[in-house]
Each structure stands twice: as structure tokens, then as C-alpha cells.
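Numbers for residues simply follow the sequence, beginning at 1. Counting convention: from 1, in listed order, for ligands and their atoms alike.
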Amino acid sequence: MKVMVVGSNGREHALAWKLAQSALVDRVFVAPGNAGTAADAENVSISATDIAGLLAFAQENHVGLTVVGPEAPLCAGIVDAFQEAKLPIFGPARNAARLEGSKIFCKKLLRAADVPTADYQAFRDEESASQYMLDRYPNGTDPTPVVVKADGLAAGKGVIVCKTRDDALRAIARIAGEREFGSAGDELIIEERLDGQEASILAITDGRTIVTLPPAQDHKPAGDNDTGPNTGGMGAFSPTPLLDAATLDWVNEHVLVPTVHGLKRGRTPFTGVLYAGLMLTNQGPKVLEYNVRFGDPECQPLMMRLKSDLAELLLAAVEGRLDQIKPLEWDPRPAVCVVMASEGYPGPYKTAFPIRGLEEAAKLDDVQVFHAGTKIVDGNVVTGGGRVLGVTALGDSISAAKLQAYKAVKCIRWHGAWCRKDISDKALNPDAMRFRWKP
Ligand code: AMP
Ligand code: GLY
């Protein structure tokens, strides 16, 4: 079978790398891909949002399974278009992808399905949202635990965590007045701010059966010890000791199952990856957001540990027979992924710097260097994005995996390369792992 992965980041490299190992798969295309997918698969120069182009390519080349990495094509209806053309594709249809594409859709569904999440109010304009804040919080500088979010997709930037009422008024003005996030700010929500550790629970579902993957943790802020501006994710590890088996069962029963049922009841049945971003609060896990795709970089440690055949799993989901597959097999060793980024990221950065040392890093045991923002220019691998590489390693413990990942990082250099130095440290920090709530 031929498969096509849509996207060009670290997640898509990890998916293509894993799919290429499947007994069912003889060719893997990645559209548009990066320098890493060019080595492990075949790049096709069609953009991830060119649905007509992707569809034509899949038809001409008899692609037996298309796997969509990013949210934008899902929210734009790539799955609907492929299904109409009778082409197998893994991911949710446009209506169900609103779970990520509209925060209000997500919140309404969670409320109706009784899934724990932060309280919220939705607004259509700056004036009513500001008035709500002024009425509710008379003093502009008092600590005010709210988060203001643009309703639509804003590449992870439309969420503004506030300290005071005046911060919130400023956030409302940016989203609904200045329209910093364009039409994503047509509506907005003001949400109660939650405190705790964050965890990512990803599950594969065909709309009836849910296969939950081992829990992971991302590192969103740019700086060590979770300081500095937010990024797409500077590193991840899995499994995380933060969630024991009993808590995971609880999350299945109180979060994933009612969400999948709620979507089905609402006539937006969901097939694909259901990624719950959870806050582990003193009152228990609460959903911060849903994504409708694999997390990046969470996907990299998960693929590194998965021993079962990924193509078989995703095809079973597409064909609605997840209830018939064998339990997934995982490497018992944890995996840690360290993201190496361009100087300046998450702000503006330059590209096209040659990357050295990739071969040396690849020689290390239990290491995979997944590419994200890379491209090939005149036969050389050069930087082409903010997050450039996801250096991923397995180890007998989280600290051993971390050590091996950073050993590989040390082999690799380019002008301005940087990474966080503390990826996975929170797994070893008793304070950070303090989640005393029990189901
Ligand atoms: P979201 O895209 O909704 O996950 O938000 C991105 C990030 O903003 C999350 O990973 C959290 O770090 C933070 N965040 C979102 N909602 C809340 C909330 N209600 N309380 C605290 N932090 C939040
Ligand atoms: N790791 C965060 C995301 O994929 O959205």
C-alpha cells in the first residue's frame, strides 16, 4: 500500500518514519515534507492546505491511506473531500474538527457532555466582553484569574493568560478590537484560569472504540523552568509519571468517552486523534483544550516507543474496526524529545543556515533525529523554520533518555541553534509531580 502524510513538521517526520516500517506499506509520500522526510520517505511538493492538489495526487497515485498531521487542512475539510472521492483518510471530518477549530464549539460540547473544564463565557464583540470584566472585577489591578481566548484557529497564539482585569481588557482589545488574530477573533471566550501541571492524553478513535496512548508532557514556554514566551512546544516525554493507571482510567471514563459520545450525539462523529490538553488541578483533571491531531512534539516520543504497526492501527480506525485490533505494544523504556530551534524563535528568525553533525547524532544508540523546519538546498540540509529538529531518544529511565537525547543534541550545530536544557526534568522534580488528587 502507498500512504501519504500531510504536513512538514517533526510530527509528520515521526509519522512517516513509523509508517515506513509497516509491513503493509511499500511507499510513503509526505506533502510537502522536509529534509528528514526526503530521506525516510518521498516528498511531494504540494502544500498541506492545497486540498484539491492533495486529492488529485492521491487519486493518480492510488494512495491507500492518507494521514493528516496539522489541524488547518482538517478544519478546512480535507477529510470530507477525500471521503467523497472514496479515498481512505485518517482524521476527523470538518464538523468534528471544530472541536479544535472553535473554542466555543468545544466548550459547549464539554458542558453538554459533563466533562470537567474551566467555567467560561462567550462574547461576540469587544464591548460586551469588556463590560463583563468591568462589572465582575471592579479593581483593574487586583489579581484576576482569567484567560482570554480567540474562538478560532490562531496557530496557538490566540490564548492570553491574564494576571489582572486590565490585562484581560487589553487581551480583549487585541482579539476583538485590533483583530490581531483576524477572523479567529470573530468571537472570544473568557475562561476561569486553572492551576496545576499540564499533561497531554492522546487517543485514537473510530467514533466508537477509544485506544488511549501513554500519557505525555509537552514544554510550551521557551525558557528553562517554564519561563519566557509560549512556543509550539520545546520538548516532550512519555510516559509521564504524573498520571497513574487509576487516573488514566478516570480520564478515559470522565473525559474521552463522554466527549466521543457527545460528538456522536451531536451528529459530528469523530474519527482520528483526540488529544486532550489537561490541567491536573486539585479538583482533578480538567480539559484545557482539545486538539484533533497528534501533538507536536508529543508524537515524536510516542512513535519512538510504539512497537505495533501504525498503518494497521490507523487503517482500523478509518474502517471502524478498532474494537478488533490487538492491544498496542510499547517499548517499556521512556522517550524524551528535545526541540532544537532557530535563534529568535518564537519571535522572528533567519533561516538557511547549514546544519552540521546530523550523521554523528544518528550513529548514537536509541536516537532518532526528527526534522521539523529543515530543507535541502544544493544538497545540504539547512534550517527552514523556527522549530528545526526534534532530537528523540529512548533510555532505561527518563533521566537516561534525557542524557542520550542531549548527547545527540551536542553533536548537532548551526548558527544560532538553541534548545531548552531541562526537558523532562519536571518528571524528576517531586514538586512538579505533586498531583495529590485521587480518583
Ligand atoms: P489552549 O490552546 O487552550 O490549550 O491554551 C494554550 C495554553 O494556554 C495551555 O497549554 C495552557 O498553558 C494555557 N491555558 C489555556 N487555558 C487555560 C486555563 N483555563 N487556565 C490556565 N492556563 C490555560
Ligand atoms: N504540543 C502542542 C500541540 O501540538 O499543539
Side-chain angles (χ1 to χ4, degrees), residues 7 9-12 14-15 68-72 74-75 97 99-107 110 115-121 143-163 167-168 171 175 181 184 188-202 213 215-222 226-238 240 272-283 285-303 337-339 346 370 372 386-387 390 420 423 426:
N9 283 311
R11 162 185 56 209
E12 288 80 16
L15 292 171
V68 186
E71 62 277 15
L74 294 168
C75 292
L99 196 60
E100 176 166 0
S102 164
K103 307 244 183 237
I104 295 176
F105 176 87
C106 178
K107 290 301 248 185
L110 293 177
V115 174
T117 188
D119 282 337
Y120 80 104
Q121 292 284 331
T144 304
V146 300
V147 183
V148 182
K149 301 183 175 183
D151 175 59
L153 285 184
K157 299 199 175 88
V159 173
I160 304 167
V161 180
C162 304
K163 290 201 177 78
D167 282 352
I175 293 172
F181 311 103
L188 64 84
I189 64 176
I190 299 176
E191 183 175 291
E192 158 205 17
R193 197 179 73 214
L194 302 175
D195 284 318
Q197 280 282 321
E198 287 182 45
S200 307
I201 307 289
L202 282 72
L213 312 184
Q217 275 186 277
D218 189 4
H219 298 67
K220 282 187 178 148
D226 287 343
T227 53
N230 252 326
T231 69
M234 293 306 299
F237 60 96
S238 181
T240 168
V273 179
L274 195 57
Y275 160 161
L278 298 181
M279 186 72 94
L280 305 179
T281 75
N282 292 336
Q283 290 78 44
K286 295 190 180 184
V287 175
L288 285 176
E289 65 163 347
Y290 266 118
N291 294 319
V292 298
R293 44 155 182 95
F294 284 101
D296 191 341
E298 291 94 325
C299 186
Q300 289 82 315
L302 287 171
M303 290 305 117
C337 169
V338 177
V339 170
F370 294 116
R387 291 190 293 173
R420 271 182 65 161
I423 299 303
K426 58 178 140 200

Return the residue, atom name and 0.1 Å-rounded distance of the protein heavy atom closest to [atom].
| atom | result |
| --- | --- |
| atom 23 (C) of ligand 1 | Leu288 CD2, 3.8 Å |
| atom 22 (N) of ligand 1 | Met279 CE, 3.9 Å |
| atom 16 (N) of ligand 1 | Lys149 NZ, 3.0 Å |
| atom 20 (N) of ligand 1 | Leu194 N, 2.8 Å |
| atom 12 (O) of ligand 1 | Glu198 OE2, 2.4 Å |
| atom 13 (C) of ligand 1 | Val161 CG2, 4.0 Å |
| atom 2 (O) of ligand 1 | Glu289 OE1, 2.9 Å |

Practice problem: Step by step, work out the side-chain contact (heavy atoms from CB on, under 4.5 Å) result for His219 and Phe237. | Solution: CA-CA 9 Å; His219 298 67; Phe237 60 96; 3.6 Å; yes
Does some non-hydrogen atom of [X] fall short of 4.0 Å from ligand 2?
| X | result |
| --- | --- |
| Arg293 | yes |
| Gly295 | yes |
| Gly232 | yes |

Quiz item: Looking only at heavy atoms, is any part of Glu192 under 4.0 Å from ligand 1, and if so is it the side chain, the backbone, or both, or is it neither?
Solution: backbone
Quiz item: Relative to ligand 1, is Val159 under 4.0 angstrom through side chain, backbone, both or neither, heavy atoms considered?
Solution: side chain
With a 4.5 Å heavy-atom cut-off, do [X] and [Y] have their side chains touching?
| X | Y | answer |
| --- | --- | --- |
| Cys162 | Val148 | yes |
| Met303 | Phe294 | yes |
| Pro215 | Ile201 | yes |

Practice problem: Output yes when Arg420 and Asp226 qualify as a salt bridge under the 4.0 Å nitrogen-oxygen rule, no when they do not. | Solution: yes
Quiz item: Between Glu191 and Lys103, does at least one N-O distance fall below 4.0 Å, as a salt bridge requires?
Solution: no
Would you name the heavy atoms of [X] and [Y] that are closest together and state the gap between them?
| X | Y | value |
| --- | --- | --- |
| Leu302 | Ser238 | CD2-OG, 3.7 Å |
| Ala150 | Ile175 | N-CD1, 3.5 Å |
| Met279 | Glu198 | SD-CG, 3.7 Å |

Quiz item: Hey, mind stepping through Asn9 and Arg387 against side-chain contact (heavy atoms from CB on, under 4.5 Å) and telling me if it holds?
Solution: CA-CA 8 Å; Asn9 283 311; Arg387 291 190 293 173; 5.6 Å; no
Would [X] count as a polar contact of ligand 2, with the cut-off being nitrogen or oxygen pairs under 3.5 Å?
| X | result |
| --- | --- |
| Asp296 | yes |
| Glu298 | yes |
| Asp218 | yes |

Close-contact set for ligand 1 against [X] heavy atoms, below 4.0 Å:
| X | value |
| --- | --- |
| Glu191 | 16 (N), 17 (C), 18 (C), 19 (N) |
| Lys103 | 1 (P), 2 (O), 3 (O) |
| Arg193 | 20 (N), 21 (C) |

Quiz prompt | N/O separation below 3.5 Å, Lys220 to ligand 1 | solution = yes
Quiz item: Do Asp119 side-chain atoms and Glu192 backbone N/O form a donor-acceptor pair below 3.5 Å?
Solution: no
Quiz item: Can you tell me if Asp218 uses its side chain to pair, donor with acceptor, with the backbone of Ala236 under 3.5 Å?
Solution: no
Exercise. Any atoms of ligand 2 less than 4.0 Å from a non-hydrogen atom of Asn291? List them with their elements.
Key: 5 (O)
